[in-house]
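So the structure is just underneath, and the comments pick up after that.
Lettering follows sequence order; numbering is per chain, from 1.
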Amino acid sequence: MSKIRVRFAPSPTGFLHIGGVRTALFNWLFARHSGGTFILRIEDTDKDRSTDEAIQVIMDGMKWTGLDWDEGPIRQTDRLELYREKAMDLFKQGLAYWCVCTPEELETRRKEAQARGESIKYDGRCRNRGISEPTEPAALRFSVPQEGQTVVQDLIKGEIVFENTVLDDLIILRSNGYATYNFSVVVDDGLMNISHVIRGDDHVNNTPRQIPLFEALGLPVPQFAHLPMILGADKTRLSKRHGATSVLAYKEMGYLPEALVNYLVRLGWSHGDQEIFSIKEMVEHFDFKHVQSSAAVFNPEKLKWVNAQYLRNTEPQEVAEVLTPFLEAAGYDEAAQARIPGGVEALIPSLRERSETLLDFVEGAVPYLVEAMEMDEAAATKHLKAAIAPSLQEFADLVEAEPDFSKETLEGLFHGLIERKELKMGKVAQPLRVALTGRTVSPGIYEVMALLGKDRTLQRIRAGVERALKN
RNA sequence: GAUCCCAUCGUCUAGCCUGGUCUAGGACGGCACCCUCUCAAGGUGCAGACACGGGUUCAAAUCCCGUUGGGAUCACCA
């Protein structure tokens, strides 16, 4: 069996979208699973729409998700001469011909055909003109065999049969001298010895057009695996209308790359009932047999859940590392981070049960990062009432007098107090929480105090007392 | 319109190839309860699907045909 070689071949006309990442991921997984080679090829033959920035963005996105490539990036614009030579080879062999129909003529003929309800394929009128040296702008067309069938043995969808009569004589060289997509892909896949073409199933209809080209060029026909599409909630192809579709947007929204990859791999592939996979497990288990043949709807809710799983199961130190840039972007510098006893890392265990994204972390971390806290007025009005002031005051005094500031000690102090005063836990805990954090929702109050440190704890409880007395 | 693909809970899916073990399993989301200083997390439970119609067979989610529905593609874009 010859060596496995696969490629991801995006065109750099925008950002790297979710569907692209999933295609890249499946290629990458297959390569890693089989000890093969993963190639990054940039399909930038559309010079009007391709940009260098977009190439960079694609590579950044792949690096972020951890999809490393073994060869490339290979740019098709560096290989234009090669495509031209291969196209002319075909012409010399009589397998291609010059077509002088103008794009406008073609367009009107298509419309007429459509109006008559006929299929809109090129009528082949230049096929037998035998133009050897065109004196006007001409495109080179490939003479597609019109007899028999072209059969695609798809690793995911099985056998797909096309009658060759439905196949167009496709243009392989435009009148401006540049190769078209369907031609350059075949030349590249063939010359790069690609063993498996793994791409979105929006390409299935291209496949019977490409197979005869491989054959005409004398190049080995690769195996094909057409991945089902990723759809939006309305079951149409995922696009900007459905919200964020750029991978890097998910980075900004506070998703972990491992989580996104994990979510994406389960979109169209399964391994029994398993939901969470390490990269190693994905590589180990990946196979086409368990790739779904139907399209999948992208579900942001489940992505969040997967992300939350990763947030909770990643070492606090690692989470702190990726969280720090988010804190800084939100304006919380080193000085703010240093206010937390134990630093940002100490925040993780308390906040991660309540966070689905790193952005949630930032939101939850605010009370511990600032010196002067912002008080939620509604919460203060509801919970900080005059009646509770003496209890809070007493608790503050107890804490101040106690040299040990551990969670256990704090808990003992608090319990002793409510027992002596015969109060209900909830009646005092909630006002205390509001005094400490300015909010009605937070981690447990002892954890909160530990994250605040003794000074800020006392200062906030006393400010809370004053506030309560005015209420 | 033509060609091609697809069809299990709202969503992601297991099961389908190799019919019986499926009164169809898991996960997200939803609901309820438990836990509880709030919110979460966690635990327990509930609701929720084989698109429809024909065959084949002792037996069909599984095989075949049709219908319906969805999607993709039909450029001198990629």
Side-chain angles (χ1 to χ4, degrees), chain A residues 9-13 43-46 48-50 76 99 101-103 106-107 110 113-121 137-141 152 154 156-158 160-163 166-168 170-176 178 180-182 184-185 200-208 226 228-229 231 233 235-237 263 266-276 289-290 292-306 308 312 351-356 364 379 383 411 414 418 424-434 437 439-446 448:
Chain A
S11 53
T13 55
E43 315 234 306
D44 56 352
T45 56
D46 182 1
D48 294 338
R49 298 197 300 151
S50 302
Q76 289 193 321
C99 170
C101 301
T102 66
L106 260 15
E107 179 62 25
R110 257 196 300 273
Q114 198 160 19
R116 286 193 303 264
E118 290 168 14
S119 89
I120 44 179
K121 82 175 217 186
L140 197 62
R141 279 185 195 270
V152 181
D154 193 276
I156 295 168
K157 296 180 189 289
I160 309 170
V161 180
F162 295 86
E163 293 298 328
V166 306
L167 269 22
D168 260 326
L170 69 158
I171 291 177
I172 57 176
L173 220 52
R174 293 187 267 251
S175 54
N176 65 10
Y178 292 107
T180 55
Y181 164 80
N182 271 313
S184 52
V185 166
D201 71 8
D202 48 337
H203 283 286
V204 288
N205 287 301
N206 279 327
T207 310
H226 286 99
M229 298 274 90
L231 275 23
K235 304 239 183 194
T236 65
R237 201 183 165 146
Y263 175 71
R266 285 285 291 104
L267 220 46
W269 177 78
S270 62
H271 181 67
D273 287 338
Q274 191 170 347
E275 294 288 348
I276 303 295
K289 193 178 175 211
H290 291 92
Q292 192 84 355
S293 45
S294 54
V297 173
F298 185 85
N299 183 350
E301 288 299 316
K302 187 153 184 184
L303 204 212
K304 273 192 185 175
W305 175 80
V306 174
R312 277 167 215 147
L351 292 184
R352 65 177 173 190
E353 305 299 327
R354 302 165 171 77
S355 303
E356 291 184 311
H383 295 285
E411 185 164 3
F414 193 74
I418 59 174
K424 284 254 198 274
M425 182 77 182
K427 291 281 186 222
V428 203
Q430 200 59 355
L432 179 58
R433 180 190 323 284
V434 173
T437 64
R439 310 171 171 189
T440 53
V441 170
S442 81
I445 49 178
Y446 314 117
V448 167

Across the strands shown, which category fits A:H226 at heavy-atom distances under 4.0 angstrom: base, sugar-phosphate, nothing? nothing
Whole-Å gap separating P (B:U73) and OH (A:Y181): 12 Å
The nucleotide from B:G42, B:U3, B:C4 with an atom nearest the side chain of A:V204 is B:C4
Rounded to whole angstrom, note down the P distance from B:G54 over to B:A61. 14 Å
Result for 5'-nearest mapping on RNA chain B, choosing between A:D201 and A:G444, is A:G444
Taking the side chain as every heavy atom from C-beta outward, state whether A:N182 and A:N206 have any pair of such atoms under 4.5 Å apart. yes
Candidate nucleotides B:G42, B:C39, B:U11, ranked by approach to the side chain of A:V441 - the nearest: B:C39
Nearest of B:C76, B:A78, B:G26 to any side-chain atom of A:E275? B:G26
Mind calculating the distance between CH2 (A:W269) and C1' (B:U13) to the nearest angstrom? 12 Å
Indicate, with a heavy-atom threshold strictly under 4.0 Å, whether A:N206 touches base, sugar-phosphate, or nothing. base
Between B:A60 and B:C16, how far apart are the C1' atoms? Round to whole Å, please. 10 Å
From the set B:A78, B:C76, B:G26, return the single nucleotide nearest to any side-chain atom of A:D273. B:G26
Assign each of A:M229 and A:G268 the nucleotide of RNA chain B bearing its closest heavy atom; nearer the 5' end lies the nucleotide of A:G268
Report the distance from atom CZ of A:F162 to atom P of B:A72, rounded to the nearest whole Å. 16 Å
As its Watson-Crick or G-U partner within any shown strand, both distances under 3.5 Å, B:C46 has B:G30
Less than 3.5 Å between a donor and an acceptor, one on the side chain of A:Q274 and one on the base of B:G26, is that the case here? no
Does the side chain of A:F298 reach to within under 4.5 Å of the side chain of A:L303, using non-hydrogen atoms? yes
Using purine N1 to pyrimidine N3 plus N6-O4 or O6-N4 for Watson-Crick, or N1-O2 and O6-N3 for G-U wobble, each under 3.5 Å, what pairs with B:G53? B:C65
For atom NZ of A:K121, decide whether the heavy atoms of other residues, nucleotides or ligands shown that lie under 6.0 angstrom number more than 12. yes
Does B:C76 have its OP1 or OP2 closer than 4.0 Å to a side-chain nitrogen or oxygen of A:T102? no
Heavy atoms only, 4.0 Å cut-off, all strands: where does A:P443 land among base, sugar-phosphate and nothing? base
Are OP1 or OP2 of B:A2 and a side-chain N or O of A:R110 less than 4.0 angstrom apart? no
So, does A:H271 get its side chain near the phosphate of B:A14, meaning an N or O under 4.0 Å from OP1 or OP2? no
Partner of B:A40 by Watson-Crick or G-U wobble geometry, both contacts under 3.5 Å, or none? none
Taking the C1' atom in each of B:C22 and B:U3, what is the distance between them to the nearest angstrom? 37 Å
Please tell me if A:R266 has a side-chain N or O lying less than 4.0 Å from either OP1 or OP2 of B:C28. no
Quick one: label A:E43 by what it contacts on the DNA or RNA (base, sugar-phosphate, nothing), any heavy atom closer than 4.0 Å. sugar-phosphate
What is the nucleic acid contact for A:R49, judged by heavy atoms within less than 4.0 Å: base, sugar-phosphate only, or nothing? base
B:A40, B:C4, B:U11: which one has an atom nearest the side-chain heavy atoms of A:V297? B:U11
Which part of the nucleic acid, if any, lies within contact of A:S355, taking any heavy atom under 4.0 Å across all strands shown: a base, the sugar-phosphate backbone alone, or nothing? nothing
How close or far is atom C1' of B:A72 from atom CG of A:D154, stated in whole angstroms? 14 Å
In whole Å, I'd like the distance from the CD1 atom of A:I171 to the P atom of B:A75. 10 Å
Describe the nucleic acid contact of A:K289 in one word from base, sugar-phosphate, nothing, applying a heavy-atom distance below 4.0 Å. base
Taking only side-chain N and O atoms of A:S270, does any of them lie within less than 4.0 angstrom of OP1 or OP2 on B:A14? yes
So, does A:S175 use its side chain to make a donor-acceptor pair with the main chain of A:P137 at under 3.5 Å? no
Round to a whole Å and report the spacing from CG of A:L351 to C1' of B:U38. 14 Å
Heavy-atom side-chain proximity of A:R433 to A:R439 below 4.5 angstrom: no
So which nucleotide from B:C6, B:G10, B:U38 ends up closest to the side chain of A:S294? B:C6
When the C1' atoms of B:G15 and B:A75 are considered, how many whole Å apart are they? 43 Å
Beyond-backbone contact of A:E43 with A:S184, side-chain heavy atoms, under 4.5 angstrom: no
In Watson-Crick or G-U wobble terms, with both distances under 3.5 Å, the base opposite B:C4 is B:G71
Answer with base, sugar-phosphate or nothing: what part of the nucleic acid does A:R352 contact at a heavy-atom distance below 4.0 Å? nothing
Rounding to 0.5 Å, atoms CZ (A:R266) and CD (A:Q292) come to a distance of 9.5 Å
What nucleic acid atoms does A:I445 come within less than 4.0 Å of, heavy atoms only: base, sugar-phosphate, or nothing? base
On a whole-Å scale, what distance lies between the P atoms belonging to B:C4 and B:C65? 14 Å
Is the shortest side-chain N/O distance from A:S293 to OP1 or OP2 of B:A7 below 4.0 Å? yes
OP1 or OP2 of B:U8 less than 4.0 angstrom from a side-chain nitrogen or oxygen of A:Q292, does that happen here? no
I'd like the C1' distance from B:A14 over to B:U21, given in whole Å. 15 Å
A:K157 has an atom NZ; how far is it from atom P of B:G71, in whole Å? 15 Å
I'd like the P distance from B:C17 over to B:C64, given in whole Å. 9 Å
Would you please test A:H226 and A:H203 for side chain to side chain contact (heavy atoms under 4.5 Å, CB included) and show each step? CA-CA 7 Å; A:H226 286 99; A:H203 283 286; 4.0 Å; yes
A:C99 near the nucleic acid: base, sugar-phosphate alone, or nothing, with a heavy-atom cut-off under 4.0 Å? nothing
Do A:P228 and A:S294 touch side chain to side chain, with heavy atoms closer than 4.5 Å? no
Spell out yes or no: do the side chain of A:S175 and the base of B:C76 have one donor N/O and one acceptor N/O closer than 3.5 Å? yes
Option from A:V428, A:T437, A:L432 for which side chain to side chain contact (heavy atoms under 4.5 Å, CB included) with A:I445 holds: A:L432
Could you state the atom-to-atom distance from NZ of A:K121 to C1' of B:C4 in whole Å? 15 Å
Considering Watson-Crick and G-U wobble pairs with both distances under 3.5 Å, what does B:C35 pair with? none
My understanding is that a pair needs two contacts under 3.5 Å, Watson-Crick or G-U wobble. By that rule, which nucleotide pairs with B:G20? B:C58
When the C1' atoms of B:A24 and B:A47 are compared, how many Å lie between them, rounded to an integer? 16 Å
Does B:U13 have OP1 or OP2 sitting under 4.0 Å from an N or O in the side chain of A:K302? no
Can you tell which of B:A78, B:C37, B:U38 lies closest to the side chain of A:T45? B:A78
Between B:U38, B:U3, B:A41, which nucleotide has the shortest distance from any of its atoms to the side chain of A:N205? B:U3
